[in-house]
Amino acid sequence: MVSNLKECIKYLEEHKISYKVMSEKQVNIYSKVNISELVIALSNKNCIVTNFREKEETLESYYMKLIGGEKNV
């Protein structure tokens with residue numbers, strides 16, 4: 001969660017970081033990033049990271065999404 005979506009997006013695009021905006025305060029980042037550098041850089045742009053969670057997708061869930069979920073198994 002971020003406090004300033006506009007500045008967050010600007011930073012991500014400048015650094016060619018893959019992302020998707022999920023809501024006014026939430027951005028999913030798909031690229032590998034140095035979390036410390038990201039938080040410091042955003043903080044310098046008056047964008048506070050209020051929540052961060054790392055989530056890895058399993059190979060099984062990736063393929064399940066490709067075929068359309070459990071209904072197609």
Side-chain angles (χ1 to χ4, degrees):
M1 302 288 238
V2 295
S3 65
N4 187 334
L5 183 62
K6 184 178 178 181
E7 286 299 325
C8 180
I9 291 171
K10 184 177 174 183
Y11 177 85
L12 296 174
E13 289 182 354
E14 287 173 354
H15 291 84
K16 297 179 177 37
I17 296 171
S18 177
Y19 71 94
K20 180 177 180 183
V21 175
M22 304 306 288
S23 71
E24 188 176 306
K25 297 205 176 271
Q26 182 179 347
V27 179
N28 285 0
I29 296 174
Y30 300 107
S31 300
K32 279 283 191 195
V33 295
N34 181 310
I35 303 306
S36 298
E37 288 178 10
L38 177 66
V39 170
I40 291 168
L42 292 177
S43 179
N44 289 337
K45 295 179 176 285
N46 294 318
C47 177
I48 306 303
V49 177
T50 57
N51 189 357
F52 174 81
R53 180 176 56 161
E54 186 173 13
K55 180 179 176 185
E56 290 190 29
E57 184 172 42
T58 65
L59 189 56
E60 179 183 11
S61 66
Y62 172 77
Y63 282 112
M64 292 296 282
K65 287 179 185 176
L66 283 178
I67 63 168
E70 290 183 4
K71 65 181 182 225
N72 293 323
V73 175

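One is the number of the first residue; the rest follow in order along the sequence. Computed from a predicted structure; not experimentally measured.
- Summarising the geometry, atom CZ belonging to R53 is positioned 8.5 Å from atom CG belonging to N28; distances are rounded to the nearest 0.5 Å.
- Other cluster members for I48: none, since no ILVMFWY side-chain heavy atom sits under 4.5 Å from it.
- Of the inter-residue distances, the one linking S23 atom OG with M1 atom CE reads 5.5 Å to the nearest 0.5 angstrom.
- Around atom NZ of K10, no more than 12 heavy atoms belonging to other residues, nucleotides or ligands sit under 6.0 Å away.
- The CG atom of N4 sits 11.5 Å away from the OG atom of S43 when rounded to the nearest 0.5 Å.
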In residues 12-20, what donor-acceptor pairs under 3.5 Å come from side-chain atoms, sequence neighbours left out?
residue: E13; atom: OE2; partner: Y19; partner atom: OH; Å: 2.5
residue: H15; atom: ND1; partner: Y11; partner atom: O; Å: 3.0

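- Residues I40 and V33 do not share a hydrophobic cluster, defined by chaining ILVMFWY side chains whose heavy atoms lie under 4.5 Å apart.
- In this structure, CG in L38 is found 10.5 Å from OG in S31, a value given to the nearest 0.5 Å.
- Scanning both residues, V2 and T50, for their nearest heavy atoms gives N-OG1, 4.2 Å.
- Looking at every heavy atom in both residues, E24 comes nearest to L5 through O-CB, 3.4 Å.
- Note that CD of E7 is 7.5 Å distant from CG of N46, once rounded to the nearest 0.5 Å.
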